Protein chains: 2
Amino acid sequence: MATTIRDVAERAGVSVATASRVLTGSRPVSPELAERVIQATRELGYRHNAVARALRRGHTNAMGMVVPEIGNPFFPTIVEAVERRLQETGRDLFLCDAQQDPDLERRRVLALIGRQVDGLVIVPVSATASGASLAEAKGHTPLVQVDRYVEGVDTDWVGVDDTAGITMAVEHVVSCGARRLACVSATPDSSAGRRRLLGFQEAVMRLGLPTDGPPLLGSFTAEWGRVAAGRIVAEKHLPDAVVCGNDEIAVGVLGEFRRRGVRVPLDVLVTGFDDIRFAALADPPLTTVRQPHERIAEECIRLLDARIADPDAPIQRIALEPTLVVRESTQRLW
Amino acid sequence: MATTIRDVAERAGVSVATASRVLTGSRPVSPELAERVIQATRELGYRHNAVARALRRGHTNAMGMVVPEIGNPFFPTIVEAVERRLQETGRDLFLCDAQQDPDLERRRVLALIGRQVDGLVIVPVSATASGASLAEAKGHTPLVQVDRYVEGVDTDWVGVDDTAGITMAVEHVVSCGARRLACVSATPDSSAGRRRLLGFQEAVMRLGLPTDGPPLLGSFTAEWGRVAAGRIVAEKHLPDAVVCGNDEIAVGVLGEFRRRGVRVPLDVLVTGFDDIRFAALADPPLTTVRQPHERIAEECIRLLDARIADPDAPIQRIALEPTLVVRESTQRLW
DNA sequence: ACAAAGTGGGTAAACGTTTACCCGAACGTT
DNA sequence: AACGTTCGGGTAAACGTTTACCCACTTTGT
């Protein structure tokens, strides 16, 4: 059906070896023959079969990436950064969505490995349920976890220092005069959820702040933010500030507060985490903790390449420093 | 290095043919041998090499998809819907990002084709510059365009009826009492840009409305929305309504209006297009035209499967009806 | 002038599967 | 008893590349 290198060779009147050599440049070929070959490929519209090539070569010049849910706006940011990095070295990226489902995540990981990707970037769905897939994958291909991670699986990891980030947010609102802080975040189901929660609790304790009831834990979605905000409003009195586990939650919180007539930042301060695209466009623009996604991508590829080069090198876990981005949602003159 | 089916066969004391047969179920094998084989795979941690399988079988049970830019929040919605559809039939989806660059888009398309995907879903970057890649791709694999399309390339297409959608938005704001409408959209670089603009102009003309200067055309980004809103505010008097080419633009417009003290919907109405995740969370919640993304995904896969089944079937272009979602950004009592 | 080294080409063996084909045994059916 | 048929297994040929190896012919150095 499709034209093969054999067809090209035939048309050019050379052997397949010669055709392959001019097409890949793996060895010099005389100008006349080379010309004939590229002429033939043009005439036949030949495209090399990457599957056959991968089979023979044993590598594919492509990376795989699996994210929990591409609809979560933080992941596209990181995907794009990784993509850009990879492009610098001419490699392709195949992206898969796990739909927040560890079973599906496993399928995707195996599918990519089966496709002989040269390495795998994965943001695991769950700090626990993703463990098995990762351990399995690790035996088959170089692998680096990004952002979230699962414990007990010894792989490289790069992400942000969640604890430091939340601490920044807490200290910032406190410096704005807040004393009673509420926390709306996600269950400690993912490492991000766990560490951000921990960071909040530590900071509050260290600063000796009164606690405003237990943290409200749901999922990293705007929907959960709305619900949680509803509960906060239902309490007898508002906290001074609401520290959210990510920007989506914060946006949900802002929306519900607005609907209920709670004014931000006048009545209460709100912070997010991640600095997604819409954080600056929220109403009011959201103070948040920015993840250095370009640096994360950079380290991610660096780790992966190092792992490819030496599968037995000691594993590395790199927590990059986030930065605080102050916007109107915490601008109050006390 | 990695274990092959040959290792499995050897360990189980059977031929590779038998091993293959029990692994794929392509032909019945006696229970004892079957048991020995699956035992062996377990012990060796065997995973079939999908590359070799694809080479032999000629298909891969996977689809490819290329989007202009995964950071644009509309695309994840459609990607997720396609993913869900595909999952029903147990197929994998490999997603690529073109970073708004037709050259890169071409690379991605070719990479996917080279990987022998069974079909390709593509949202082209540009109505003109993507033409060559598409024409080339069409010769190699079944292909369906989604959302945007390039003309002059005969492929199946499914998307929304842009014209009808914009018309709905226009008629809606007019029914709210607006007369002077501004349009902020993207250059007619993509089919969506072109058709939405056309729809606006037609509707305005048909309803005999006064035009509020020429349409403001940039890109489908919030940033452009901000800029355009700035220009609108700089004019001597505000229009009654701003009809935006998509939700991102609208969100940018809302943000800039807010910053400049223009009240929506009190001073001016604003509408978007797409109904992305954040439209409902914007301030005020955004009236917009919702794309039926689940149906789009459904038709997309249907078209693709039909094309795979019969490459010579007549091509189809399916424009689905959008629906108007009225929220506060157009709620005004005149 | 003759060996050594280099140059430019071809032949064929991989890569890991699946599957067309073959073969022997067991099992009816006349 | 002779003869299909089915059943369950193996052998080996593909799939489309790349590349190790080989060979014939220069070129170069002595």
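Computed from a predicted structure; not experimentally measured. Just so it is clear: chains get the letters A, B, ... in the order the sequence lines come, proteins before strands, and each one is counted from 1.
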Rounded to whole angstroms, how far apart are CZ on B/R53 and C1' on C/dT18?
9 Å

So for B/R56 and C/dT18, does any side-chain atom that can act as donor or acceptor lie under 3.5 Å from a complementary atom in the base?
yes

Short side-chain N/O contact to C/dG16 OP1/OP2 from B/R6, under 4.0 Å
no

Between NE2 of B/H59 and C1' of D/dC15 the distance, given in whole Å, is 13 Å

Using heavy atoms and a sub-4.0 Å distance, could you list which residues of residues 22-31 of chain B are near DNA chain D? By number, please.
B/R27, B/V29, B/S30

Any chance the side chains of B/T89 and B/R91 put a donor and an acceptor closer than 3.5 Å?
yes

Rounded off to whole Å, could you give me the CD-to-P distance for the A/Q116 and D/dT17 pair?
17 Å

Classify the nucleic acid contact of A/S20 as base, sugar-phosphate or nothing, counting any heavy atom under 4.0 Å across all strands shown.
base

Looking only at the side chains, is there a donor atom on one of A/T155 and A/Q145 sitting less than 3.5 Å from an acceptor on the other?
yes

Sugar-phosphate, base or nothing in reach of A/S15, heavy atoms under 4.0 Å:
base

Is there a donor-acceptor pair under 3.5 Å between the side chain of B/S130 and the backbone N or O of B/S126?
yes

Of A/L95, A/D97, A/D147, A/V146, which meets side chain to side chain contact (heavy atoms under 4.5 Å, CB included) against A/F75?
A/D147

Whole-Å distance separating the CG atom of A/D7 from the C1' atom of D/dG16:
10 Å

If you look at every strand shown and take non-hydrogen atoms under 4.0 Å, does A/V14 touch a base, only sugar-phosphate, or nothing?
sugar-phosphate

Closest approach of A/V66 to A/A98 (non-hydrogen atoms, all atoms of both residues)
CG1-CB, 4.2 Å

Pair listing, salt bridge (charged side-chain N to carboxylate O under 4.0 Å, His left out) test, anchored in residues 20-46 of chain A, at least two apart
A/R11-A/E43

Whole angstrom is fine here: how far is it from CZ in A/R21 over to P in C/dT11?
11 Å

To the nearest angstrom, how far is B/L55 atom CG from D/dA13 atom P?
17 Å

Rounded to the Å, how far apart are A/H48 NE2 and D/dT19 C1'?
16 Å

Extract all donor-acceptor atom pairs below 3.5 Å that involve side chains of residues 311-320 of chain A and protein atoms in other chains or at least two apart in sequence.
none

Quick one: B/I5 CD1 to D/dT11 C1', roughly how many Å, whole number?
15 Å

